[in-house]
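Reading through the structure tokens given below for one structure.
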Amino acid sequence: MTDLPQRIHPPSSEAELLQRCQLFAGLQLKQIAQMLSFTLPENLKRDKGYVGQLAEHILGANAGNLAQPDFVALDIELKTIPINSQGKVMESTYISMVPLSHEKQCSWRESVVYAKLKRVLWLPIESERTMPLSKRRFGQAILWQPAEPILNALQADYDYILEKIVVGELQSLSASEGKYLQVRPKAANRQALTETVNADGEVVKTLPRGFYLRPAFTQAIIDDWRQNAY
DNA sequence: CTCTGATCATTA
DNA sequence: TAATGATCAGAG
């Protein structure tokens with residue numbers, strides 16, 4: 001992201017944000033790069049967050065890397081989501097770090113997960129694992145907010161996970177737990193450690209974890225949208 | 001160092 | 001081949 005165009009001002013309304021998305025919908029990354037005069041990396045192997053950061057930049061997201069929704073004034077979180085040629089979600093979606101220390105642990109409504117998921121602009125990126133970055137396309141953005149039952153299910157996952165951690169059972173918490181939200185490692189590497197408290201109340205070092213949305217969850221959002229479109 | 005943006009790579 | 005575990009780069 002070294003040669004991106006100047007900073008773009010944040011959209012002043014939801015309508016403006018959607019308008020901006022519309023400008024890019026259907027375009028290949030190559031075309032967008034040409035329009036805005038920047039160069040793409042060869043692939044994502046060493047630049048995994050490239051497309052997400054690019055989308056933030058060209059849409060005018062302004063939260064930096066703070067733990068709050070990307071479009072601060074609109075209170076909307078932006079998530080790019082890779083979709084293959086068959087319309088299938090290809091990856092899970094990272095949401096935020098799992099709070100492993102007591103100071104950061106809070107209720108669902110106060111959580112970063114809730115703050116981000118209560119309103120999300122999903123930006124599908126039409127991709128294939130083997131497709132060059134330049135040929136991947138921005139799809140139609142979906143402004144989404146979880147319906148009540150979904151919100152309740154997300155909270156149930158969150159509460160369940162936090163409870164396990166609070167009682168010191170992080171070690172027995174596996175990625176298969178959680179209906180929609182799962183917990184997986186989120187670190188630079190296997191050696192990156194942070195602190196948590198074990199079942200005996202002792203402070204111990206552990207791998208940092210993140211909350212991720214399962215692909216089946218985001219797939220349902222995409223599918224619902226397609227069904228209701230037009 | 002921690003958290004953001006995520007996808008890569010290996011296992012089951 | 002889907003799910004789990006591991007990893008990469010940039011910002012602050």
Side-chain angles (χ1 to χ4, degrees), chain A residues 1-4 7-8 29 38-72 76-101 103-106 111-113 115-117 120-133 136 138-139 157 161 170-196 205-220:
Chain A
M1 307 298 284
T2 53
D3 63 340
L4 279 176
R7 229 187 141 61
I8 291 166
L29 264 61
F38 61 89
T39 53
L40 294 167
E42 276 304 301
N43 56 58
L44 298 180
K45 281 187 184 166
R46 313 222 57 164
D47 224 344
K48 300 178 181 177
Y50 184 86
V51 178
Q53 290 173 346
L54 173 62
E56 284 187 346
H57 186 92
I58 67 181
L59 294 176
N62 60 342
N65 67 340
L66 301 181
Q68 60 177 312
D70 296 298
F71 298 98
V72 177
I76 293 173
E77 171 73 11
L78 173 66
K79 289 290 176 198
T80 57
I81 183 164
I83 309 288
N84 73 12
S85 57
Q86 298 161 82
K88 268 199 68 177
V89 169
M90 297 165 64
E91 295 284 353
S92 56
T93 303
Y94 166 74
I95 304 301
S96 64
M97 297 302 290
V98 175
L100 296 182
S101 65
E103 309 82 68
K104 294 175 184 171
Q105 290 161 357
C106 57
S111 70
V112 176
V113 180
K116 291 191 171 184
L117 292 186
V120 179
L121 183 72
W122 300 100
L123 182 53
I125 306 297
E126 297 167 22
S127 315
E128 287 293 348
R129 201 95 156 190
T130 55
M131 186 187 286
L133 195 53
R136 302 186 186 190
F138 274 39
D157 283 345
I161 290 164
L170 172 67
Q171 49 175 355
S172 70
L173 180 61
S174 88
S176 65
E177 294 176 79
K179 181 173 166 64
Y180 297 144
L181 278 176
Q182 68 176 169
V183 170
R184 303 219 310 277
K186 175 62 171 165
N189 55 58
R190 190 71 214 189
Q191 283 70 46
L193 298 176
T194 187
E195 292 182 341
T196 190
K205 294 283 190 183
T206 187
L207 195 58
R209 315 298 166 92
F211 286 110
Y212 294 80
L213 285 175
R214 296 182 181 284
F217 181 83
T218 47
Q219 184 75 61

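Everything quoted here is computed from the prediction, not taken from an experiment.
Within residues 174-187 of chain A, the residues that place at least one heavy atom under 4.0 Å from DNA chain C are, in residue-number order, A:A175, A:S176, A:Q182, A:R184, A:P185, A:K186, A:A187.
Which of C:dT7, B:dT7, C:dA9 sits closest to the side chain of A:Q53 comes down to C:dA9. Which of B:dT4, B:dA6, B:dT2 sits closest to the side chain of A:K104 comes down to B:dT2.
With sequence neighbours left out, the ring pair (Phe, Tyr, Trp, His ring centres under 6.0 Å) criterion links A:F211 to A:Y158. A:E128 pairs by the side-chain hydrogen bond (donor to acceptor under 3.5 Å, both in side chains) definition with A:S85, not counting sequence neighbours. Taking the side-chain hydrogen bond (donor to acceptor under 3.5 Å, both in side chains) definition, one finds that A:Q182 meets it with A:R184, sequence neighbours left out. Scored by the salt bridge (charged side-chain N to carboxylate O under 4.0 Å, His left out) test, A:E77 finds A:K79 as partners (sequence neighbours excluded). Residues passing the salt bridge (charged side-chain N to carboxylate O under 4.0 Å, His left out) test with A:E177, sequence neighbours excluded: A:K164. Shown here are the ring pair (Phe, Tyr, Trp, His ring centres under 6.0 Å) partners of A:F71, two or more places apart in sequence or in another chain: there are none.
Between the CZ atom of A:F211 and the P atom of B:dT2 there is a distance of 18 Å, rounded to whole Å. In this structure, the NZ atom of A:K48 is 5 Å from the C1' atom of B:dT7, given to the nearest Å. With rounding to whole Å, A:Q191 atom CD is found 13 Å from C:dG5 atom C1'. Across the protein-nucleic acid pair, A:D70 atom CG and B:dC3 atom C1' stand 13 Å apart, rounded to whole Å. Rounded to an integer number of Å, the gap from CZ of A:R214 to P of C:dA3 is 8 Å.
Phosphate proximity of B:dC3 to A:S96: absent, as no side-chain N or O sits under 4.0 Å from OP1 or OP2.
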Protein-nucleic acid N or O pairs under 3.5 Å, nucleotides 9-12 of chain B:
| from | atom 1 | to | atom 2 | distance (Å) |
| --- | --- | --- | --- | --- |
| B:dA9 | N7 | A:R129 | NH2 | 2.9 |

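Under 4.0 Å is where a charged nitrogen must lie from a carboxylate oxygen, and between A:E195 and A:K205 at least one such pair does.
Comparing A:N189 and A:K88 against DNA chain C, the residue whose closest nucleotide sits nearer the 5' end is A:K88.
For A:Y212 against B:dA6, a side-chain N or O and a base N or O form a donor-acceptor pair under 3.5 Å.
Applying the salt bridge (charged side-chain N to carboxylate O under 4.0 Å, His left out) test to every pair with at least one member in residues 88-97 of chain A, sequence neighbours left out, gives these pairs: A:E91-A:R129.
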